[in-house]
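Throughout, a chain's letter reflects where its sequence line sits, starting with A, and its residues are numbered from 1.
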Protein chains: 2
Amino acid sequence: MLYTSESIERLVEQFAQLPSIGRKTAQRLAMHVLKMPREEVAAFSKALVDVKDNVRYCTICFNITESDPCSICSSQKRNRAIICVVEEPNDVIAVEKTHEFNGLYHVLGGALSPLDGVSPEDLKVKELLSRLQDDTAEIILALSPNVEGEATTLYLGKLLKPFNIKTTRIARGLPIGSDLEFADEATLTRALEGRVAL
Amino acid sequence: MLYTSESIERLVEQFAQLPSIGRKTAQRLAMHVLKMPREEVAAFSKALVDVKDNVRYCTICFNITESDPCSICSSQKRNRAIICVVEEPNDVIAVEKTHEFNGLYHVLGGALSPLDGVSPEDLKVKELLSRLQDDTAEIILALSPNVEGEATTLYLGKLLKPFNIKTTRIARGLPIGSDLEFADEATLTRALEGRVAL
């Protein structure tokens, strides 16, 4: 018998099933929990079920929320004429962190990936089209710069064309703080193509 | 507001306080929990508090256990004449995984580290000495090969000398699967010193 405690073993297994957490890390985390104060562990335990009980998806933008529609969709301070399309709720957090965007969001729930069997019907594409109104001024496609994100960007670009709404995509280029010398060719190509006047 | 859900924010914070988990990973884990089935999340939540409620330390070897004395200390199949001294409960698991050791353990609860204020009184050293009996044939010091582990090994070696019990330490040398070319000097020095006849 490897573990002298079944409870520890069960907790290790629970941690190990999470993405990016291997068995050794799971073991270290379980031992950490063992040393945490009882009330902190109880708070952690409650936070887990609370997420399942309280969090749902906004029926307008499909971001996660506790009230429907979500606080962004129902806010009067946001510019309702601009919609930023992203893949996942995490991407909304990333964009919000910039404090540069004051419009609304639309969370697709993923990106097109024929290999993984993700087709337009699996994403909230239909729901995006039905959100478009006469006063929609711009749709920003903020999808990941990988194969799936590019495919989704091109697909949505084509789909949105007949609506005659300004459709943009976020810039691809050298990340801030990086070194031109170490940039890969694809990124440098995009950076050159996307050059802007000084 | 970054998070549109307070529950998610609380769970992210809970994950982020764990060792080796940064804020981005915590966010990814929280989103994963959101997608897990309700009953799996409930099991995870229960596993956390169960560890706090059920796990304590064996009063003989100070390993974690749910019954006191632990299953190893109370086993009739183990060789009670050999005691393997380790730093943490995780080390017991590591040694058990080898299936090479059939003796008992003694978990010190750390290693000597004057800088961190860990002195012999903070470790289960006194308890180790009081466990020694006439039939104790060998004490294996299986501490980590770092400064703290070395210091603890030397300290215990000196302390155990008057007892006239065979005291050994686990070998330091090249790890299996590694490349001699890339071995650091300290390791290679130990490997040469510890050479054994073919």
Side-chain angles (χ1 to χ4, degrees), chain A residues 1-8 10-15 17-21 24-25 27-34 36-38 40-56 58 61 63-67 70-73 75 88-90 92-94 96-97 105, chain B residues 1-8 10-15 17-21 24-25 27-34 36-38 40-56 58 61 63-67 70-73 75 88-90 92-94 96-97 105:
Chain A
M1 162 205 25
L2 230 47
Y3 294 90
T4 46
S5 151
E6 259 183 56
S7 304
I8 284 281
R10 266 199 304 272
L11 187 58
V12 169
E13 241 128 65
Q14 290 291 348
F15 274 125
Q17 67 169 5
L18 297 176
S20 80
I21 294 194
K24 286 229 167 156
T25 307
Q27 228 169 265
R28 206 170 316 133
L29 294 179
M31 293 301 172
H32 178 84
V33 168
L34 189 59
M36 275 165 64
R38 177 88 182 57
E40 274 183 38
V41 177
F44 191 176
S45 170
K46 188 169 177 299
L48 277 169
V49 286
D50 275 359
V51 157
K52 269 324 257 190
D53 289 344
N54 302 342
V55 180
R56 52 207 140 145
C58 171
C61 72
N63 189 12
I64 51 169
T65 179
E66 294 187 23
S67 57
C70 75
S71 52
I72 294 178
C73 283
S75 167
E88 301 284 354
N90 267 341
V92 173
I93 299 170
E96 282 294 282
K97 270 185 187 159
Y105 291 94
Chain B
M1 161 204 26
L2 231 48
Y3 293 90
T4 47
S5 151
E6 259 183 57
S7 305
I8 284 279
R10 266 199 305 272
L11 186 58
V12 169
E13 241 128 65
Q14 291 290 348
F15 274 125
Q17 67 168 4
L18 297 176
S20 80
I21 294 194
K24 286 229 167 155
T25 308
Q27 227 170 265
R28 208 171 315 133
L29 294 179
M31 292 301 171
H32 178 84
V33 168
L34 188 60
M36 276 164 64
R38 177 86 182 61
E40 274 183 38
V41 177
F44 190 175
S45 169
K46 189 172 176 300
L48 277 169
V49 287
D50 275 359
V51 157
K52 269 325 256 191
D53 289 343
N54 301 342
V55 180
R56 53 208 139 145
C58 171
C61 72
N63 189 11
I64 50 168
T65 179
E66 293 188 24
S67 57
C70 75
S71 51
I72 294 178
C73 284
S75 167
E88 301 284 355
N90 267 341
V92 173
I93 298 170
E96 283 293 282
K97 271 186 187 159
Y105 291 94

statement: Most contact-rich option vs chain B, by heavy-atom pairs under 4.5 angstrom, among A42(A), A43(A), C70(A), is A43(A)

- request: Below 4.5 Å from any heavy atom of chain A, which atoms of T65(B) appear? Answer side chain, backbone, both or neither.
  value: both

query: What distance separates S5(A) OG from R56(B) CZ, expressed to the nearest 0.5 Å?
result: 10.0 Å

query: Side chain, backbone, both or neither: which part of T25(A) has a heavy atom under 4.5 Å from chain B?
result: side chain

Q17(B), CD: over 12 other non-hydrogen atoms inside 6.0 angstrom: yes

message: Quick check: closest heavy atoms across P19(B) and L29(A), and the distance to 0.1 Å?
response: O-CD2, 3.5 Å

task: Evaluate the side-chain proximity of Q14(B) to V51(A): yes if any heavy-atom separation is below 4.5 Å, no if none is.
output: no

field: Contact class of N63(A) relative to chain B, heavy atoms under 4.5 angstrom
entry: side chain

- prompt: With a 4.5 Å heavy-atom cut-off, do I64(B) and I8(A) have their side chains touching?
  reply: yes

query: What are the two closest heavy atoms between H32(A) and L18(B), and how far apart are they?
result: CD2-CD2, 3.7 Å

task: Calculate, to the nearest 0.5 Å, the distance between atoms OG and CD1 belonging to S20(A) and I21(B) respectively.
output: 7.0 Å

message: Between E40(A) and chain B, with a heavy-atom cut-off of 4.5 Å, which part of the residue counts as in contact: side chain, backbone, both or neither?
response: both

message: So L48(A) and V33(B), do their side chains get closer than 4.5 Å, heavy atoms only?
response: yes

field: chain B contact via A94(A) - side chain, backbone, both or neither, heavy atoms under 4.5 Å
entry: neither

- prompt: Pick from R10(B), K24(B), R38(B): which one has the most heavy-atom pairs with chain A under 4.5 Å?
  reply: R38(B)

statement: Between the CD1 atom in I72(A) and the OG1 atom in T4(B), the distance rounded to the nearest 0.5 Å is 6.0 Å

Straight-line distance of Q27(B) CD to N90(A) CG, nearest 0.5 Å: 4.5 Å

